[in-house]
Colleague: 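The structure is given below, and queries will be raised subsequently.
One is the number of the first residue; the rest follow in order along the sequence. One-based numbering, in listed order, for ligands and for the atoms of each. Note that the structure is predicted; figures quoted are calculated from it, not measured.
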Amino acid sequence: MSDTRSDIRGEHSAKHTGQDRAHAPGVVGVPVDLEAGLAPYAARSAQSRGRRFAEPPPAARSEFQRDRDRIVHSTAFRRLEYKTQVFVNHEGDLFRTRLTHSLEVAQIARSVARNLRVNEDLVEAISLAHDLGHTPFGHAGQDALNECMREHGGFEHNLQSLAVVDELEEHYGAFDGLNLCFETREGILKHCSREHARQLGELGERFLLGRQPSLEAQIANIADEIAYNNHDVDDGLRSGLLTIEQLAEVELWQMHYEAARAEYPQIEGRRLVHEIVRRIINTLIVDLIDETSRNLAKLAPQSLDDVRAAPPIVAHSEGVAAQAAVLKRFLYRNLYRHYRVMRMANKAQRIVKGLFEAFSDDPRLLPPAYQTHDEASQPRQIAHYIAGMTDRYALKEYRRLFVVSDEV
Ligand code: MG
C-alpha cells in the first residue's frame with residue numbers, strides 16, 4: 001500500500017493537546033491534565049507525532065481518547081459483530097465474534113496498562129482497532145484473499161486495518177479515514193514485510209530499523225494472544241469440538257483445573273470451565289505485569305523514544321511463555337485443524353475466491369463505488385470490497401452471483 005499523502009507527514013497538531021482545552025470541573029479556565037500520573041515511558045497526547053491532517057485539539061478529551069471514540073463510531077467496528085473469530089457467525093449465538101474478541105482484548109490490555117502506568121486510552125484505541133481489517137471467515141478468508149491478490153501486492157489484515165483507518169472509512173468532511181494519531185496507527189500495524197514497510201514512510205521505519213513500538217502497542221499485541229487462547233478454549237468446549245479430558249495434556253489448563261476442583265469439588269459443566277479459564281487469564285495477566293515490571297526496572301526507559309530503541313519490554317516470564325505456547329499448539333492441532341472447522345474454512349475459501357474471480361472477470365458486477373477506470377488498481381478495490389464484507393453478507397453476495405434465483 002503506497003502512501004500518497006506522505007508529503008503532509010510531520011505537519012501535525014502535536015503542540016495542541018487535549019490538556020489545552022480540558023478543564024477541571026467547576027474551575028473555569030483551569031486546565032486538567034487528563035494523562036496525569038503516567039510513567040515517563042508512557043505515550044502522551046502532548047508528545048504525539050500527530051495526525052496526518054492537522055486538526056484543532058479535542059475539547060474535554062485527550063487525543064487518544066478521541067482516537068478510541070472515532071474507532072467505536074466507525075462502520076468497520078460495527079462490522080466486527082458479524083465477522084468470524086473461529087466459528088462462523090451463524091454457527092451459534094454465544095461464540096466469540098471479532099467484536100467481542102476485540103472487547104476482550106481491550107479489557108485485558110487496559111488492566112495491564114493501568115498497572116504499568118502507561119496510557120490506557122491509547123491501549124484501548126489500539127485494541128479496539130487491531131482487527132478492523134479482517135476479512136469475513138477469519139484466517140481462511142484472509143488466506144484466500146491473499147492468494148487472489150498474489151500478483152497485485154498481496155493481502156494482509158494488518159495492512160488492511162491501517163487502510164480502513166487511513167483511507168476507507170467515510171466519516172469526516174475534511175479527510176478520508178479516521179485521521180488517527182501516529183501512535184495509534186503504529187500500534188495497529190503489528191507486522192509488516194520489509195517491502196511494505198518501505199512504502200509506509202515514517203510508520204514503516206521501525207520494521208526497517210529493528211525498533212519497537214510503544215509499550216501500549218506491545219501490550220495490545222500480547223493481550224490479543226491472551227484473549228484468543230482463552231476464549232478459543234471456551235468456545236471449543238462449548239462447541240463440543242474440544243473436551244475437558246483432552247485438555248488434561250495442557251499444563252496451564254490442568255494446574256487450574258485441579259485448583260478449581262480442590263476449591264469447589266462440586267462444580268462441573270460451564271461453571272467449571274469458566275472457573276478455570278478466568279484463573280488462566282488472571283495468571284497470564286499477572287505474570288505479564290510482573291515480568292514487564294522487571295524489564296522496565298532493568299532497562300529504565302525515560303521516554304517513549306527509549307522504549308522504541310530498547311528490545312521488546314512487554315513479555316511473559318520464560319516459564320509462563322512456555323506454558324502459553326503449549327496451549328497455543330494444542331489449539332492449533334485440536335481446534336483450528338478440527339475437521340469441522342476445516343470444512344467451514346474450505347467453504348469460506350471457495351466463497352472468497354469465487355467472489356474475487358467473478359468481480360475480476362467483470363468489474364461491472366461491483367457496486368459503482370468499487371469500480372475504477374484504472375485497471376491496475378481494480379484488484380485492490382475488489383479486495384477492499386470483499387475484506388469489508390461480514391460473513392453473512394459474503395454468503396449473500398455469493399448466492400446473488402452464483403445461484404440461479406430471483407435474488408439480484
Ligand atoms: Mg485479534
Side-chain angles (χ1 to χ4, degrees), residues 67-68 71-72 74 76-89 95-113 120 122-146 155-165 178 180 184-192 213-236 277 280-281 284-285 288 312 314-316 321 324-325 327-332 335-336 341 344-345 348 387-391:
D67 280 6
R68 176 202 56 205
I71 290 157
V72 170
S74 71
F77 186 70
R78 287 193 299 284
R79 287 180 167 143
L80 296 176
E81 184 174 1
Y82 299 103
K83 290 195 181 201
T84 293
Q85 185 64 28
V86 173
F87 297 91
V88 173
N89 187 252
F95 296 126
R96 268 67 172 192
T97 65
R98 289 265 162 217
L99 181 64
T100 57
H101 161 70
S102 300
L103 295 174
E104 289 184 31
V105 174
Q107 172 261 317
I108 290 167
R110 284 178 52 203
S111 293
V112 177
E120 220 176 308
L122 176 58
V123 141
E124 191 178 16
I126 295 169
S127 302
L128 295 177
H130 84 284
D131 272 351
L132 289 179
H134 252 291
T135 59
F137 312 120
H139 284 279
Q142 118 120 18
D143 292 347
L145 199 48
N146 189 28
F155 180 90
E156 215 271 294
H157 76 262
N158 265 299
L159 283 171
Q160 190 66 14
S161 297
L162 194 64
V164 167
V165 301
L178 305 179
L180 302 180
T184 310
R185 298 169 62 234
E186 168 191 59
I188 291 171
L189 194 65
K190 230 181 339 190
H191 323 281
C192 181
S214 67
L215 290 172
E216 288 81 355
Q218 296 182 38
I219 290 169
N221 188 10
I222 298 192
D224 185 20
E225 279 195 35
I226 295 177
Y228 68 67
N229 281 331
N230 283 284
H231 63 49
D232 288 353
V233 168
D234 187 30
D235 283 352
V277 168
I280 300 176
I281 294 175
L284 293 171
I285 291 179
L288 189 63
V314 180
H316 283 299
L327 174 59
K328 201 172 172 168
R329 279 198 298 276
F330 172 88
L331 285 169
Y332 189 83
L335 183 62
Y336 311 142
V341 174
M344 196 59 228
M389 293 178 185
T390 59
D391 296 353

Colleague: Measuring from the Mg ion (ligand 1), name the closest N, O or S atom belonging to His130.
Modeller: NE2
Colleague: Quick one: does Thr100's side chain have a donor or acceptor within less than 3.5 Å of a partner on Arg96's backbone?
Modeller: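 Between the backbone of Arg96 and the side chain of Thr100 there is no qualifying donor-acceptor contact (under 3.5 Å).
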Colleague: Which N, O or S atom name in Asp224 marks its closest approach to the Mg ion (ligand 1)?
Modeller: OD1
Colleague: Tell me whether the rings of His101 and Tyr228 are parallel (<30°), tilted (30 to 60°) or perpendicular (>60°).
Modeller: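 Ring orientation, 0 to 90° scale: tilted.
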Colleague: At what distance, to the nearest 0.5 angstrom, does CD1 of Ile285 lie from CG of Asn230?
Modeller: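 These two atoms lie 9.0 Å from each other.
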Colleague: Is a side-chain N or O of Asp391 found less than 3.5 angstrom from the main chain of Phe137, in a donor-acceptor match?
Modeller: yes
Colleague: Before moving on, can you tell me the angle at the Mg ion (ligand 1) between the NE2 atom of His101 and the OD2 atom of Asp131, to the nearest 10 degrees?
Modeller: 90°
